[in-house]
Each structure stands twice: as structure tokens, then as C-alpha cells.
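Contents: one structure, followed by commentary.
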Protein chains: 2
Amino acid sequence: MAPMSKNAPAPSAPTRDRLLDAFEELLVEGGERSATLDSVAAAAAVSKGGLLYHFASKDALVDGLLARLDALAREDADNIRTAPAGPVDYLIRTSVHTGSPLDRAYIAGSRLAQGRDPRAMQVLNEIRRRWLSVIEDAVHDPDTAQAIMLISDGLYVNSSLAAHELTPPSHTDESMTRLITLIGRLLPRST
Amino acid sequence: MAPMSKNAPAPSAPTRDRLLDAFEELLVEGGERSATLDSVAAAAAVSKGGLLYHFASKDALVDGLLARLDALAREDADNIRTAPAGPVDYLIRTSVHTGSPLDRAYIAGSRLAQGRDPRAMQVLNEIRRRWLSVIEDAVHDPDTAQAIMLISDGLYVNSSLAAHELTPPSHTDESMTRLITLIGRLLPRST
DNA sequence: ACAACTATACCGTCTAGCCGGTACAGTCGA
DNA sequence: TCGACTGTACCGGCTAGACGGTATAGTTGT
């Protein structure tokens, strides 16, 4: 029974979002292995049957998360472009864990990509390409833009690896400012 | 089956190492989930009983891999320090996937770390700390050393994400050279 | 004789996915 | 206005198979 609406373009329920939140959280905190259907359902305070009502399979859950990540990243690209302190400042400062929705979704997506999910890898690559092109527009040298992206990626990896208690807080607001100043030296002195 | 060559010039490929190689390979190619005891044994052309003869548990397998990674990384730290073209040049050039034993072991370790294995996270952090201190010795500014490490991490993440068919080969030898030149601008003008 | 295996059977647990059922809010024709 | 019916949202029990691990008897090269 329950022949499902032909598509699921907009079930738009709060439960659906809670499930995605829970999935994200589990991926971030415990990696791919701990993000099982059972634990996602439990974390969202929904039964497993309830989860499978909203997402017919684990693949569908992954697709849902990736779609959300993609939407968030598109918004972010605009934020970078129009940031008052400039694109580079904004990109670098948001490359450490801020706990923002995009941040969590991005890390969750990375976990999936490390698990070799090709869809996750593709989405992540597209997001990176988008960021790179914004930086390229701001800095008029492709090599410099590339280097800045690499630093941004490095920061991500670092805070992702460090995260959780151990290791001193290496990326303070002050050290970020110093880093951004340093990046200034990469910019061609012309114009 | 498969009557092994009775004599090798040296006992250079003992089963234990083949098991570690297989474990590494599976982690790199298929992520944590695909590196099961059964598949590791199969990939090393050893029975499951044979695997458990050498490594009494999966934890022991992980420890074995991490020990190998640590040994390889210690050697590498010396290579960086004494590299003819200088530490920075060496570090950056070996930050893209080269297929070296360290490379493979490092990626395998990362997969374990993404799976939130605390031992893997610790080993990876130690390796990074070691690299950073070598760069700090070479470049006499901590902030600059930090930035260089970030670029190195970024390169690693990039080539890890890119890997496998899709995406054009973005890190050619020539582009690496340009990147290294660019990094030169980060160095303080003193000394 | 002994180490280094192979082969196979088995166990408990976890995991993805399936299915029957429930509760309830609407809709609609008589 | 009432009863039949529909769709949505969800529950919870179940199953097949994967997984880590155990056990044990047999084989092979030195």
C-alpha cells in the first residue's frame, strides 16, 4: 500500500530536515561507519520506518544531504563575492570550523567522499570549482587564486583532523589575521 | 593452488607485508568500508585464517599499518631536511599523489582517521607536526611555515579528491614549479 | 618436527531494506 | 452530516546478508 506520490519534490516536512541534520551530525562526529539508518533515525527521534518513509534508501538520504550541501554552497559563493572585507578574507576565515550549516554539510560531504562515494566527490569538486572562480575574479592571477584555494583547503583539513579536544586551538582569530596578511604577499604588486 | 615460486632472491615479500599492502590498497581505493577482513585476505591471496594468524584482530591490522606509516614518515622527514632542492620544494612536490609507499600509507591512514579512529588521528597529527618543524627550521618564520604546510595539505586533499579519471590533471610538474615560485614570495626578505 | 599456512564451519551482532499496520486529517457524494 | 474512502506520516517487527572473530582439522616446505 501507500503508493507514494509520483515524485518527492517537496514533502517539506520538519521531520525530513531533522533527519538530514541527524545524518550530517553523525557523519561529522563519528564518520561514515556510525551513520547507519538506525542511528540516524534514533538521533532524529524517528523510527526507522519513519526514516524510510522520507528517504526510501540510504542512497536517497545521501542525495538529500548532497542537494542541501549544494544549495548552501551556492548561497555561500554569493556571500564570498560580496563580502565587505573582500572575498579572500571571507574565504579564509570561513575555512576553519565555524559550525555554520554549510560548514557541517561540507564536512559531512567530505566524509562521504572519503568513503569513495562518487556523487559526493563530484559535488565537492563542483563547489571547489565555484569558489576558485570567485577568487580568480577577485585576484587577477590564476596561480595566486590556486594557492589561496590550497590554503583554504588546508585549513579545512586541519580543523577537520584536529577537531575534538586534543591538539591546542591552533587557528585563533589573531592567527587567521596574520595568515591573511601573509597571503597579501602572494598578490601581484602590479595594477 | 598457485604454486608460488619456490625461491625468491630475497624473502622480500613476506605474507605479512602483502597483507598490509592489500589493506592499504583497499583503504585507498574503496575507503574504510571496503577494507574488511575477508577482502583483505582475498586481495593478498591468503585465507582468512592466514590473515588472523599474522594479525589477531582488525585492530592489530590497523596498528600494523600505522606502525608502517610512522616508520615511512620518519624516513621522509629526513629526506625533506636533506633534499638538494630544499625542504620546501621537496615537501610541495611530494604533496601530490606520487604513488610512493609513504603516499599510499598516508592516504590509507587518512581514511582510518576520517573513520574517527583516534590512533590514526594521532599518528597523522604527529607526522604533520614533524613536517611542520622541519619547515620551520628551513624557513625562519612560524607563520610562513604554517602557510606552507597548509598549501601542502591542500595539495594532498585535492589530489585525493580528484584521483580517478574525472577532472583534468591540474597539478602538472610545470604548475608545481610556478606554485613553488609563488611560495617564495611568502618568505621574509631577511636572512 | 615445526612454522606457516589452507579450508571450512560456525557464532553473535550489526545493517539495509521490506512490509503490515496505525492514526488521523481531509475530501466527497448522497 | 455522515460514512466511505484517500493520502500522509509514522511505528516496529522481521529478514538476508555482511562482518569480526573463533575453532579446528588438514597440508606443505624446510
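Throughout, protein chains are lettered first and strands after them, A, B, ... in sequence-line order, and every chain is numbered starting at 1.
- Remark: B:Ile80 CD1 to B:Glu75 CD distance equals 12.0 Å, nearest 0.5 Å.
- Between A:Asp78 and A:Arg81 there is a salt bridge, with a side-chain nitrogen of the basic residue lying less than 4.0 Å from a carboxylate oxygen of the acidic one.
- Note on B:Thr36: only backbone sugar-phosphate atoms sit closer than 4.0 angstrom, heavy atoms only; bases stay farther off.
- Remark: the backbone N or O of B:Thr98 is paired with a side-chain donor or acceptor of B:Asp103 at under 3.5 angstrom.
- Taking every side-chain heavy atom of A:Tyr53 into account, D:dT8 is the closest of D:dT8, C:dT15, D:dG21.
- Atom-to-atom, CG of B:Leu52 to P of C:dA4 comes out at 15 Å; the value is rounded to the nearest Å.
- A:Thr15 has a side-chain polar atom (N or O) that falls below the 4.0 Å cut-off from OP1 or OP2 of D:dC10.
- Between the CG atom of A:Asp38 and the P atom of C:dC18 there is a distance of 14 Å, given to the nearest Å.
- Checked options B:Val134, B:Ile135, B:Ile127; the residue passing with B:Trp131 is B:Ile127 (criterion: side-chain contact (heavy atoms from CB on, under 4.5 Å)).
- Out of C:dT6, C:dA3, D:dC10, the shortest distance to the side chain of B:Val46 is found at C:dT6.
- Of the candidates C:dT15, D:dA9, D:dG21, D:dG21 carries the atom nearest the B:Leu37 side chain, counting heavy atoms from C-beta on.
- Dashed line: the shortest gap from a side-chain N or O of A:Ser57 to OP1 or OP2 of C:dA16 is not under 4.0 Å.
- Separating the CZ atom of B:Phe55 from the P atom of D:dG21 is a distance of 13 Å, rounded to the nearest angstrom.
- In this structure, A:His54 reaches the D:dC10 phosphate: one of its side-chain N or O atoms is under 4.0 Å from OP1 or OP2.
- We find that CG of B:Asp59 is positioned 7 Å from P of D:dG21, with the value rounded to whole Å.
- As a whole-Å value, the separation of A:Leu51 CG from C:dC18 P is 13 Å.
- Where A:Lys48 and B:Lys58 each meet DNA chain D at their nearest nucleotide, the meeting point lying more 5' is that of A:Lys48.
- Here the CZ-OG distance, from B:Arg111 to B:Ser34, works out to 9.5 Å after rounding to the nearest 0.5 Å.
- When the nucleotides D:dC11, C:dA16, C:dT6 are ranked by their closest atom to the side chain of B:Arg33, C:dA16 comes out on top.
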